[in-house]
There are 4 protein chains.
Amino acid sequence: MTEHDGKPRQRRKEARPEEIRRAALEELAEKGIAGSTLGGIARRAGISRTTVYLYFETKQDIFEAVARDTVERTIDDAASMMAGFEGPFEQIFTNVIDRIYGQLVDGDASVILRALVSEGREQSEIVEFYHREIFAKGEATMRKMIAMGVARGELVSSAAEIDPRILMSPAIFAGIWSLVFGNIEAIDLERFKRDHVSLVLHGILKSG
Amino acid sequence: MTEHDGKPRQRRKEARPEEIRRAALEELAEKGIAGSTLGGIARRAGISRTTVYLYFETKQDIFEAVARDTVERTIDDAASMMAGFEGPFEQIFTNVIDRIYGQLVDGDASVILRALVSEGREQSEIVEFYHREIFAKGEATMRKMIAMGVARGELVSSAAEIDPRILMSPAIFAGIWSLVFGNIEAIDLERFKRDHVSLVLHGILKSG
Amino acid sequence: MTEHDGKPRQRRKEARPEEIRRAALEELAEKGIAGSTLGGIARRAGISRTTVYLYFETKQDIFEAVARDTVERTIDDAASMMAGFEGPFEQIFTNVIDRIYGQLVDGDASVILRALVSEGREQSEIVEFYHREIFAKGEATMRKMIAMGVARGELVSSAAEIDPRILMSPAIFAGIWSLVFGNIEAIDLERFKRDHVSLVLHGILKSG
Amino acid sequence: MTEHDGKPRQRRKEARPEEIRRAALEELAEKGIAGSTLGGIARRAGISRTTVYLYFETKQDIFEAVARDTVERTIDDAASMMAGFEGPFEQIFTNVIDRIYGQLVDGDASVILRALVSEGREQSEIVEFYHREIFAKGEATMRKMIAMGVARGELVSSAAEIDPRILMSPAIFAGIWSLVFGNIEAIDLERFKRDHVSLVLHGILKSG
DNA sequence: TATGAATGAGTGTTCATTCAT
DNA sequence: TATGAATGAACACTCATTCAT
């Protein structure tokens with residue numbers, strides 16, 4: 001039994017890499033990184049197993065490409081985030097958080113996140129890449145945003161000291177929760193986001 | 001070359017399952033779920049590969065047992081958390097958060113967490129188990145704690161409405177971060193915890 | 001389709017390695033080193049492909065073992081050659097040549113010889129091994145024999161200067177000829193040996 | 001990544017087959033017959049893998065052509081050998097032997113020789129071809145030469161009975177030795193040739 | 001003529017699992 | 001209880017060859 005179903009050979013040089021990446025992402029989402037096979041990817045892409053090797057040197061390469069691809073889109077999205085640095089802090093922050101959820105819960109990034117957690121060995125180049133390109137940059141952006149809020153007098157000055165990753169933790173949590181427990185107990189995302197923002201802004205203590 | 005190295009065959013059929021579980025946890029921590037093999041587990045346990053089958057029906061079974069095991073210990077720990085429901089809310093919360101970090105960042109739970117994320121298929125029984133026994137209970141506990149804080153007048157009344165998972169998200173995040181990026185950029189855990197608690201309590205907005 | 005034909009599992013721990021080596025030698029003889037597959041070896045040995053891995057770590061290992069094995073037997077045989085260092089030179093030489101043909105033309109050594117020629121990359125450990133254990137030793141033995149002949153006054157003194165490999169070249173040639181052209185034009189071995197000995201002893205020039 | 005590197009497409013359909021043969025010979029010399037790939041040949045020839053199929057039907061065909069090609073050159077060379085059938089036998093023989101070494105040790109024939117030994121299946125057409133065109137003819141030539149020597153009274157009459165292949169065996173041996181052990185222990189070719197000729201002419205026995 | 005795209009058949013190797021003792 | 005022996009299923013990857021332009 002072979003992967004592809006014997007359709008006439010189609011020449012799709014341009015489109016293939018993208019198709020393969022998409023197929024790989026699908027496979028990844030469904031089977032996890034351990035369960036993903038080249039055969040599965042090929043089948044999803046509608047090509048033969050060997051054709052994959054025309055575009056990628058190795059299985060690892062495919063997944064790295066997928067990760068990079070997703071990263072790039074995430075980065076592009078992040079860049080557009082920067083643009084909206086106007087208005088009151090609350091609005092900006094809400095906006096940013098919204099974007100993060102879009103990527104991490106609904107978008108492809110959640111699949112990559114899972115792969116990262118699964119295979120995350122420290123020596124992996126892709127892990128370093130992700131750390132450098134996504135998390136470090138995201139952290140820096142957050143820091144800048146907070147500094148701005150402090151400068152404007154909207155935030156308490158101690159806010160500048162807080163580890164910015166804490167401010168976005170609930171989004172990561174939501175992404176993982178959806179992956180693992182999504183079908184058992186889905187998160188009411190809108191509410192969750194609202195609570196997230198509200199907590200970050202006001203805390204829960206009475207006096208403040 | 002076989003797995004076990006011929007150590008004196010100790011007659012401890014009672015202890016075996018526990019030994020295997022411990023070995024599996026080690027293997028899991030070191031190799032990740034994809035890289036874990038029965039042979040590796042057997043070697044660590046000092047027994048032969050086939051002996052494992054006397055105690056567990058399948059590889060999957062072992063890991064489920066390990067997860068359950070860890071869960072139980074986590075639950076016991078959680079139970080002890082309940083005891084300390086005295087003093088001001090801030091102190092209680094700090095205490096609880098401390099425990100969670102202990103489990104999720106330093107303890108065995110992080111290994112299970114990774115496995116959960118890696119292999120987490122919704123249909124998996126172990127996922128349901130984990131959801132039911134850990135997260136749901138943890139959520140309930142948190143909710144109770146908050147309700148208490150509100151009742152005592154320490155917390156804003158709207159706190160009772162907040163999804164309690166948000167309050168512990170940074171801990172989950174820290175656990176995952178340590179697994180994935182731990183060697184690239186370690187988290188200053190004490191500071192992170194302090195920031196976590198502080199944020200949850202006060203938020204970052206000025207007026208409060 | 002698997003290799004072995006579904007016979008009940010037989011436990012033959014002791015005998016297996018030898019059986020596998022024999023199977024590998026067969027396969028080697030029939031298919032050459034390029035055409036030899038693990039599956040073929042397994043089939044010949046009447047076991048499954050994976051069983052081979054219980055006894056050898058890699059395909060390369062098998063062939064090295066086969067080569068070593070054959071070498072050892074050849075060496076043992078060579079050792080027994082030494083014993084016969086009595087009688088007139090002509091007789092001794094005839095004896096030795098006889099042995100060499102036995103190994104190189106009829107025996108397993110021809111198969112190894114072919115493999116050596118086929119795969120003989122300089123870096124290969126097995127090539128060095130063969131050179132050191134077989135050819136160098138053989139050369140030394142020949143040299144000793146000739147020196148003895150000279151000392152006894154049976155051989156011209158210049159014989160001691162001749163590269164001893166020349167004296168056994170026809171045997172190597174016959175071995176290779178049999179491998180390559182054996183079925184097209186078989187060598188009349190008895191005659192060939194007689195001619196070989198005669199040429200080495202008397203040459204073809206009239207005066208002498 | 002493709003094989004050819006986009007050099008200006010030269011219109012030389014005449015030259016192509018020859019170029020491919022040359023490339024194949026290179027590949028054969030470097031990688032051996034097992035390690036030779038169509039891709040490698042194409043790359044060396046500076047064309048694409050599929051272009052090869054315009055000139056040769058199959059990989060096997062290429063190698064047969066290469067062998068034939070080399071054979072032809074060897075035959076041409078052998079023909080020129082014939083011309084020099086003047087002078088004393090010793091000189092003629094020395095000349096012929098010299099030529100054989102030139103082909104078999106230094107020349108392309110050694111590469112073919114190795115391939116022949118490696119893949120030499122009896123049913124192979126190329127083996128028959130080689131046997132018929134090279135060895136049989138060489139044998140005949142040698143036989144003629146010896147007959148001449150006997151007729152002239154230079155050689156013992158029994159020389160006519162000797163299998164002529166024996167007389168050239170050391171050359172074959174030297175060719176193979178160089179291929180296999182060349183890097184470990186090179187042969188001093190001049191000396192080897194001298195010894196070879198000397199042995200064939202005089203033998204090593206004292207009285208003669 | 002020339003080539004890039006595509007593929008089927010095959011290879012060595014790993015691993016969870018079963019058999020026999 | 002414990003284990004060594006054995007195996008089937010699977011997988012990543014290679015390569016000669018064909019298709020379509």
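Numbers restart at 1 for each chain; the letters A, B, ... are given by sequence-line order, proteins then strands.
The distance from atom CZ of B:F56 to atom P of E:dT18 is 16 Å, rounded to the nearest whole Å. Taking atom CD1 of C:I47 as the reference point, atom P of F:dG4 lies 19 Å away to the nearest angstrom. Residue D:L54 contributes atom CG, which lies 12 Å from atom P of E:dG4 at whole-angstrom precision. Atom P of nucleotide E:dG12 and atom NZ of C:K31 are separated by 11 Å, given to the nearest angstrom. Summarising the geometry, the separation between CD1 on D:I20 and P on E:dT1 is reported as 12 Å, rounded to the nearest angstrom. One interatomic measurement links the two molecules: CD1 of A:I41 to C1' of F:dC13, which rounds to 14 Å at whole-angstrom precision. Taking atom CD1 on D:I33 and atom P on F:dC15, their separation rounds to 15 Å, with Å as the unit.
A heavy-atom distance below 4.5 Å is found between the side chains of B:Y130 and B:I112. You'll find the side chain of B:E128 stays beyond 4.5 Å of the side chain of B:E133, heavy atoms only. Within the 4.5 Å cutoff, side-chain heavy atoms of B:Y53 are placed close to those of B:L38. Counting heavy atoms from C-beta outward, C:E26 and C:R21 have side chains that stay 4.5 Å or more apart.
Neither OP1 nor OP2 of F:dT1 sits under 4.0 Å from any side-chain N or O of B:Y55. When the side-chain nitrogen and oxygen atoms of C:R49 are compared with OP1 and OP2 of F:dA6, none of them lie within a distance under 4.0 Å.
Checked against F:dA6, E:dT17, E:dC15, the side chain of B:L38 finds its nearest nucleotide in E:dT17. The listed nucleotides are F:dT7, E:dG12, E:dT7; the one nearest the side chain of C:Y53 is E:dG12. Closest approach to the C:S48 side chain among F:dA10, F:dG8, F:dT3 is made by F:dG8 (side chain taken as heavy atoms from C-beta onward). For B:T50, counting side-chain heavy atoms from C-beta on, the closest listed nucleotide (E:dT7, E:dC19, F:dT7) is E:dC19. In the set F:dA5, E:dA16, F:dT17, E:dA16 carries the atom at the smallest distance from any side-chain atom of B:T37.
Remark: DNA chain F forms stems of 3 or more consecutive Watson-Crick or G-U wobble pairs, all pair distances under 3.5 Å, at E:2-21 with F:2-21.
By the side chain to side chain donor-acceptor pair (under 3.5 Å) test, D:T37 is found to be paired with no residue, residues two or more places apart in sequence or in another chain being considered. For A:T51, the side-chain contact (heavy atoms from CB on, under 4.5 Å) criterion is met by A:R16, A:I47, A:S48, A:L54, A:Y55, not counting sequence neighbours. Take A:S110 and apply the side chain to side chain donor-acceptor pair (under 3.5 Å) test, not counting sequence neighbours, and it matches no residue.
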Would you list the atom pairs, donor with acceptor, under 3.5 Å between side chains in residues 61-70 of chain D and any protein atom, with sequence neighbours excluded?
{"residue": "D:E64", "atom": "OE2", "partner": "D:Q60", "partner atom": "NE2", "Å": "3.2"}
{"residue": "D:R68", "atom": "NH2", "partner": "D:E125", "partner atom": "OE2", "Å": "3.2"}
{"residue": "D:D69", "atom": "OD2", "partner": "D:R73", "partner atom": "NH2", "Å": "3.0"}
{"residue": "D:T70", "atom": "OG1", "partner": "D:V66", "partner atom": "O", "Å": "2.8"}

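Heavy-atom distances under 4.0 Å link DNA chain F to D:T58, D:K59 of residues 58-65 of chain D, given in residue order.
One finds no salt bridge joining D:E27 and D:R22 here, because no Lys/Arg side-chain nitrogen approaches an Asp/Glu carboxylate oxygen to under 4.0 Å.
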